[in-house]
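Every chain is numbered from 1, with letters handed out A, B, ... down the list of sequences. Reckoned from all heavy atoms, side chains included, excluding hydrogens, waters and symmetry mates. Values in this document were obtained by computation on a predicted structure and should not be read as measured data.
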Amino acid sequence: MDDGSDAASLTRRPSAQLTVLIPAFNEAGSLADTIRSLERQTIRPAEIIVIDDCSTDATAAVATAYGATVVRPPKNTGSKAGAQNFGLSKVRTPYTMAIDADTTLAPDAIEKLLAAFADATIAAACGFVLPRHVRTLWERGRYIEYLFAFTFYKQVQDYYGKPLISSGCFSAYRTEALRAHGGWGTRTLAEDMDLTWSFYQSGLGVRFVPEAVCYPIEPRTFAFMRKQLKRWSHGFVQNVRLHWRGLLEVPYLRSAVAVSLWDATLAAFVYLVLLPVLAVALRNPWLLLGYVIDVPAVLVPVIAGAAPRREIGRALLSVPAFLVLRTVNAVFFLGAVWKEWVMGQSFRTYEKGH
Amino acid sequence: MTVGLPGVGLGGIFYLMSAVLMPVREAARLARGGTAGQWRVVIRQSVLAGAILGSLWATGWLLGHLITAASHSRVGASLFVRQGATGNALRTSALLLSLGTLTLVLTTVQVARIVVRLQRTRERSRGELAAPVIIETARSLRIDSGTFGRSR
């Protein structure tokens, strides 16, 4: 409703500048919640485009029923990046937001996120990610992982001007910068990391806005988690291989990527192989404390992140699941390094998980 | 996506050090005449880093006591426990190992950067040297084609 006030016009103005892209393949079950959360934003987007990537369920019907524009490529694009690029060609606004079809937003998420673009050098902005459901082992593990990473790691990265990744599940971009980089790349399995690192190498900035919160549905079962971890781990290794020379000229990011690579390889090897082998060889069970020795340290940012949400109890209950997920994570990253770099088998199949 | 081992890994130490350095960096920025814009984040992350360091110290202290106590019991027969009889030795060696590894990784990155830069400079200078050859080749091609053209 137009009340003519300054506040109302300020609220309206950015809405006409933002298009939301939702890539969707058989997402009829979750898409309605995503579109509804977009409609309830304090700043509403000018257009919501659902890219129905040749779904076999009622994805298109659900999107249409909730007022979104539906576009459909002639055949399945084979990846999220492909679907998003198809949608990008329809965007006519200066800002583009990408959101997963299983992700909902806090009511002021878009408003908070768009504020980052007041700085003309910023090409992308991402928000705080928290699992929508925290019930199963995997969801609980992810809940702690996100609370820890988004309360501590990512805020430090943002202070130094280099968030490691503008998360694919919820990020906003300057459309011009996005197009100048050819949209989302299909050359790796982690298109969001590829784009973020490309922006940095072009001298553009990325911001992390912790106040902009989104809630994706995380993998409930190991079958889904396996697909996601495989995609992420191989995507990271592929991006390091693709960008390593360019990254060396990006301060802070080069160090962050180097320590991540160390953790994904040697630290993972120590964690998975060396610790148990030494414990058995030296007949010293104390060494197994290495698996839990950092739990108090992990709990600090986790509790700091959970307290304002009044979720301390849930967080404490979820810590054991985090230890399981961390171990599984290490297996997948070590496997990805082995397959991509040692065996030379690049994994290219985009397996849809969550 | 969180890469590697959140918490225990080298990444944890790296971000801890980064957070500890934030007030120093911010103060230096202010001293150079910059605006005080990020103090809220700096204070919040520094407090978090302080609490994490405190929890690590407390864990080390507790573990040291546990190991020392165990060394007086039957578990003390193992090699590790005999060697790590004091908690202080364990804490110091863990700290030195972590910081040493981090320094090694960060130094390697800097060395790689220098090597790649040198390679690029060499490639560029080779390209500059090669340029006259290309021009010369192009000239000769033009002359040849001209000659060929005239002869026709």
What part of A/F332 gets within 4.5 angstrom of chain B, counting heavy atoms only: side chain, backbone, both, or neither?
neither

Run the numbers on A/W262 and B/L102 for side chain to side chain contact (heavy atoms under 4.5 Å, CB included), then give the verdict.
CA-CA 10 Å; A/W262 175 277; B/L102 182 60; over 6 Å; no

Measure B/V42 against the heavy atoms of chain A and call it side chain, backbone, both or neither at under 4.5 Å.
side chain

Indicate the atoms forming the closest heavy-atom contact of A/Y252 with B/S18, along with that distance.
OH-OG, 2.9 Å

In the structure I gave you, are the side-chain heavy atoms of B/M22 and A/Q155 within less than 4.5 Å of one another anywhere?
no

Just so I understand: if I count every heavy-atom pair under 4.5 Å between each of B/Q119, B/R113, B/R117 and chain A, which residue has the most?
B/R113

Please find the pair of heavy atoms, one from A/L248 and one from B/V109, that lie closest to each other, and give the distance.
CD2-O, 3.8 Å

Can you confirm whether more than 12 heavy atoms, excluding those of A/K162, are under 6.0 Å from its NZ atom?
yes

So, the part of B/L53 with a heavy atom under 4.5 Å from chain A: the answer is neither

Contact class of B/L16 relative to chain A, heavy atoms under 4.5 angstrom
both

To the nearest 0.5 Å, tell me how far B/I52 CD1 sits from A/F152 CZ.
4.0 Å

Is it the backbone or the side chain of B/L21 that comes under 4.5 Å from a heavy atom of chain A, or both, or neither?
both

Atom group of A/T265 that falls short of 4.5 Å from chain B, counting heavy atoms:
neither

A/L261 CG to B/L10 CG distance, which is reported to the nearest 0.5 Å:
11.0 Å

Taking everything shown except A/W341 itself, do over 12 heavy atoms lie less than 6.0 Å from its CH2?
yes

Check whether B/L106 gets within reach of chain A through its side chain, its backbone, both or neither, counting any heavy atom under 4.5 Å.
side chain

Tell me, out of A/A256, A/A258, A/A304, A/G168, who's got the most heavy-atom pairs with chain B below 4.5 Å.
A/A256

B/R44, part contacting chain A, at a heavy-atom distance under 4.5 Å
side chain

Taking every heavy atom of A/V259 against every heavy atom of B/G11, the minimum-distance pair comes out as CG2-CA, 4.1 Å

Is the A/Y159 to B/Y15 ring centre distance short of 6.0 Å?
no

Among A/I293, A/V292, A/L289, which residue meets the side-chain contact (heavy atoms from CB on, under 4.5 Å) test with B/T59?
A/I293

Which atoms of B/T101 are under 4.5 Å from chain A, going by heavy atoms: the side chain, the backbone, both sets, or neither?
side chain

For chain B, which of A/C169, A/P301, A/A297 has the most heavy-atom pairs under 4.5 Å?
A/A297

Euclidean distance, A/R245 CZ relative to B/R120 CZ, rounded to 0.5 Å:
6.5 Å

Checking heavy atoms, do the side chain of A/L266, its backbone, both or neither come under 4.5 Å from chain B?
neither

